Amino acid sequence: MCGIVGYVGYRGAPEILVNGLRKLEYRGYDSAGVAVVFDNEIKIAKTKGKVNNLAERIEKTWSEKLQTKATTGISHTRWATHGEPNEINAHPHLDNDGRTVLVHNGIIENCRALKARLLAEGHTFASETDTEVLAHLVGKYYKTDLIEAVCEALSKVEGTFGIAVLAKDKPDEIVVARKGSPIVIGVGDDETFVASDAAAIVAHTKNVIYLDDGDVAILTAGEVEVRTLENSPISREVSTLEFDADSAEKGEHKHFMHKEIFEQPDALRNAIGGRLDKDKATAILSGLSMSPREMAELRRFIMVACGTSMNAGLVGEYYFEDLADMITDVEQAAEFRYRNPIIGSQDMVLAISQSGETADTLAAIREAKQKGALISGLCNVVGSTIARETGRGVYLHAGPEIGVASTKAFTCQVAVLLMMALKFGRGRRLSRDVGQKLCAAISNIPKYAEETLKLDGQIRDIAKVYAGVEDVFFIGRGYMYPVALEGALKLKEISYIHAEGYHAAELKHGPIALLEPRVPVVALANDVPGKDKTIGNIEECKARNSPVIAVVTGDDPCVDGLADHIIRVPETPDVIAPITVAIALQLFAYHIAEFRGCEIDQPRNLAKSVTVE
Ligand code: F6R
């Protein structure tokens with residue numbers, strides 16, 4: 001949450017910073033700010049709202065000279081934790097004497113105690129933020145060596161941080177540090193970039209250094225020196241980014257979400273490509289680094305995740321039980337770490353996370369590691385913290401996902417979980433015959449996704465009918481139950497319609513009291529085990545006069561004359577239905593949100609990667 005961009009080099013920093021922030025707006029968009037050092041002064045511009053407001057402010061209030069000749073700067077786009085989203089609370093924040101300035105992503109947990117001490121020492125604070133407390137600490141320790149002051153300040157801090165700091169008497173230097181919040185440094189020719197995510201850097205350079213937790217670095221034009229928080233030199237390797245600037249652009253699409261929904265056939269092709277061994281009827285997932293024997297000896301498979309990634313895990317649970325014959329659990333990551341989970345060396349804990357930065361998922365995997373479990377990751381963002389800390393796992397290769405509502409990551413996660421279940425299953429009791437059928441089904445997933453996208457116009461028409469409703473239920477059974485949860489999550493987060501996903505059988509245990517003509521039900525009546533019972537549940541909804549939008553498989557006439565609207569996803573093997581149905585529900589949510597005039601890519605109160613607990 002929150003995005004940081006910094007630049008030190010020979011070009012005008014403000015434009016580079018603002019353009020970088022635009023790429024990070026998905027991380028937070030309630031306020032934004034920039035600070036540059038120029039003529040031994042710190043100049044700051046901050047605004048409430050989106051980065052465009054900041055760009056306008058700079059354009060109107062900063063001289064041409066300042067905009068083009070200030071070559072060192074830091075910037076921030078905010079998702080508020082401490083203090084309301086306004087101009088005063090926006091970053092960057094100055095220290096007490098105005099000599100240093102700082103942007104921060106994360107939470108300083110002991111900020112109250114630190115602030116009390118600083119107040120007693122005579123400091124005065126302008127904002128309600130924890131970040132300003134950290135800025136004052138840095139200023140307090142700053143004499144002539146900025147990195148020394150940063151290390152000293154950070155040694156007093158509990159919590160998480162990704163920070164970038166400038167000092168007015170060090171016009172050619174930025175100090176950055178991380179613990180729990182990502183920092184990636186881009187190394188160019190005579191210029192250096194820093195950001196919370198490589199998407200803000202990739203247009204300038206593909207050579208990057210990912211800082212580890214506990215790293216601090218001094219950035220100068222084209223040079224990077226990494227140290228530990230104890231200020232001792234340490235080396236970090238330079239990696240090459242595998243995506244280009246275009247993949248983080250909207251292109252001809254109105255929204256990133258639209259682009260990412262329609263990218264799914266390609267994303268799925270990338271996620272699956274080269275990972276099926278049809279001869280051996282299994283999947284090749286070398287990143288798991290496990291021998292068949294190790295796989296066979298596993299006692300339990302536990303997935304930890306949040307939000308959409310957890311819904312993908314819930315689909316995966318069916319796959320692992322049905323195909324890999326393994327005891328499988330899916331845990332809400334935030335809960336897992338604070339319970340006392342009974343896990344040990346024969347259990348594998350898989351963290352599922354698009355961003356690879358979700359604080360609760362990261363903490364859960366650390367807890368599992370400490371308890372001796374094998375840990376692994378299923379991440380999309382290459383080099384992300386979870387991917388690096390787990391050390392083993394599978395990348396999605398879905399390409400950058402910028403829209404705050406996760407779409408292509410979900411379907412790719414489901415596809416990869418299916419391949420993992422196939423692999424573990426083949427190492428255990430799954431027959432070659434079933435393995436071959438699964439390989440064929442999986443290799444057809446991109447084609448099924450393409451066919452599903454052809455339903456766009458029809459789904460849009462249905463969405464138009466329901467765009468004005470205030471409550472919607474999504475119901476399903478078996479493989480379709482987690483997809484109902486995901487459909488409801490997609491709709492609520494981008495359209496602000498109250499939507500709930502339920503097991504179709506559970507409706508009778510309470511929620512049915514809410515059914516009436518103004519409350520439609522999206523019923524997933526696909527050809528998967530449990531379909532007939534779901535049709536019975538649709539009858540119950542109709543008996544309460546709720547309109548029903550049914551999703552069925554191909555030409556199946558099972559709800560003809562019963563449902564008010566029918567979405568017919570392509571006929572597929574049942575294990576693939578979660579993917580096609582999820583795509584149909586993404587389109588449904590997208591079009592409803594569009595009809596309601598919502599800010600689809602940046603829904604209120606949300607941020608793409610949730611790096612705070
Ligand atoms: C919903 C959504 C969130 C994320 C959740 C986990 O559309 O995007 O629910 O799925 O915040 O994020 P990752 O997968 O990055 O760990």
Side-chain angles (χ1 to χ4, degrees), residues 247 251-253 255-276 283 308-309 311-312 315-316 318-319 352 354 378 380 394-403 405-422 437-460 462-463 476 479-480 482-484 486-487 489-490 522 524 526-528 551-556 566-591:
S247 50
E252 80 252 20
H253 296 268
H255 299 103
F256 276 109
M257 184 180 178
H258 190 263
K259 177 187 177 224
E260 287 155 10
I261 291 174
F262 280 84
E263 257 170 12
Q264 284 177 107
D266 283 339
L268 286 158
R269 236 168 245 124
N270 288 337
I272 295 164
R275 286 176 163 171
L276 289 174
T308 287
S309 293
N311 292 338
V315 178
Y318 288 86
Y319 294 157
I352 309 174
Q354 187 286 129
L378 175 51
N380 190 35
V394 186
Y395 278 122
L396 293 183
H397 296 310
E401 191 181 68
I402 311 282
S406 188
T407 51
K408 62 178 178 175
F410 176 82
T411 49
C412 290
Q413 284 163 345
V414 171
V416 173
L417 287 169
L418 181 54
M419 288 192 285
M420 282 178 80
L422 165 64
K437 287 193 179 109
L438 279 169
C439 282
I442 294 167
S443 54
N444 280 329
I445 290 176
K447 189 190 81 188
Y448 295 133
E450 251 154 30
E451 284 170 24
T452 310
L453 289 169
K454 290 185 190 147
L455 302 173
D456 184 40
Q458 189 203 330
I459 294 174
R460 187 173 187 274
I462 300 173
Y479 293 147
M480 292 301 122
V483 183
E486 177 57 12
L489 176 58
K490 266 328 55 110
V522 178
L524 310 182
N526 297 82
D527 218 353
V528 301
V551 185
V552 303
T553 305
D555 296 332
D556 191 345
I566 303 177
I567 298 171
R568 298 184 181 279
V569 295
E571 211 165 309
T572 64
D574 59 4
V575 286
I576 310 297
I579 293 179
T580 55
V581 177
I583 294 174
L585 298 185
Q586 291 163 0
L587 289 169
F588 182 67
Y590 175 83
H591 288 303

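All of these numbers come straight from a predicted model, not from anything done at the bench.
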Peer 1: Is R568 reaching over with its side chain to a backbone N or O of T553, donor-acceptor style, under 3.5 angstrom?
Peer 2: no
Peer 1: Any side-chain to backbone donor/acceptor pair from E451 onto P570? Under 3.5 Å, distance only.
Peer 2: no
Peer 1: Assess whether side-chain contact (heavy atoms from CB on, under 4.5 Å) is satisfied between M419 and V416, documenting all intermediate values.
Peer 2: CA-CA 5 Å; M419 288 192 285; V416 173; 4.1 Å; yes
Peer 1: Measure the spacing between NE2 of H397 and CZ of R275 and express it to the nearest 0.5 Å.
Peer 2: 4.5 Å
Peer 1: What distance do Y448 atom OH and E571 atom CD have between them, rounded to the nearest 0.5 Å?
Peer 2: 9.0 Å
Peer 1: Looking at every non-hydrogen atom in both residues, tell me the closest pair between V552 and D556 and how far apart they are.
Peer 2: CG2-O, 3.9 Å
Peer 1: Calculate, to the nearest 0.5 Å, the distance between atoms OG and CG belonging to S443 and L268 respectively.
Peer 2: 12.0 Å
Peer 1: Identify which one of I352, V394, L422 satisfies the side-chain contact (heavy atoms from CB on, under 4.5 Å) criterion when paired with L417.
Peer 2: I352
Peer 1: Between OH of Y479 and CG of N526, what distance do you get to the nearest 0.5 Å?
Peer 2: 12.5 Å
Peer 1: Would you find a donor on one side and an acceptor on the other, under 3.5 Å apart, between the side chain of E260 and the backbone of I402?
Peer 2: yes
Peer 1: How close do Q354 and A409 get, counting heavy atoms only, and between which atoms?
Peer 2: CG-CB, 3.4 Å
Peer 1: Of T407, N311, T411, which meets side chain to side chain donor-acceptor pair (under 3.5 Å) against E486?
Peer 2: N311
Peer 1: Determine the minimum heavy-atom distance between A582 and V483, stating which atoms define it.
Peer 2: N-CG1, 3.9 Å
Peer 1: Just jot down the salt bridge (Lys or Arg N to Asp or Glu O under 4.0 Å) partners of R269, sequence neighbours excluded, or say none.
Peer 2: D266, E450
Peer 1: Using the side chain to side chain contact (heavy atoms under 4.5 Å, CB included) criterion, which residues pair with A405? Sequence neighbours excluded.
Peer 2: M257, K490, E493, I494
Peer 1: Flag the pair T572 / I579 as yes when at least one side-chain heavy-atom distance between them is below 4.5 Å, and no otherwise.
Peer 2: no
Peer 1: Please evaluate residues L396 and L378 with respect to the criterion side-chain contact (heavy atoms from CB on, under 4.5 Å), reporting the C-alpha separation (whole Å), side-chain torsions for both, the decisive distance (0.1 Å), and the verdict.
Peer 2: CA-CA 7 Å; L396 293 183; L378 175 51; 3.6 Å; yes
Peer 1: Kindly give the heavy-atom pair with the smallest separation between A398 and N380, and that separation in Å.
Peer 2: N-OD1, 3.0 Å
Peer 1: For Y319 and P578, work out which heavy atoms get closest and say how close.
Peer 2: OH-CG, 3.7 Å
Peer 1: Which pair of non-hydrogen atoms, one from V569 and one from A584, has the smallest distance, and what is that distance?
Peer 2: CG1-CB, 4.0 Å
Peer 1: I need the single residue from V528, L438, I442 that forms a side-chain contact (heavy atoms from CB on, under 4.5 Å) with V575. Which is it?
Peer 2: L438
Peer 1: Measure the acute angle between the ring planes of H258 and H591, then classify it against the limits of 30° and 60° as parallel, tilted or perpendicular.
Peer 2: perpendicular
Peer 1: Nearest 0.5 Å please: distance from the CD1 atom of I566 over to the CD1 atom of I462.
Peer 2: 9.0 Å
Peer 1: Tell me which pairs pass salt bridge (Lys or Arg N to Asp or Glu O under 4.0 Å) where either residue lies in residues 437-447, with sequence neighbours left out.
Peer 2: D433-K437
Peer 1: Does T452 use its side chain to pair, donor to acceptor, with the backbone of I583 at less than 3.5 Å?
Peer 2: no
Peer 1: Looking at CD1 of I445 and CD1 of I576, how far apart are the two atoms once the value is rounded to the nearest 0.5 Å?
Peer 2: 3.5 Å
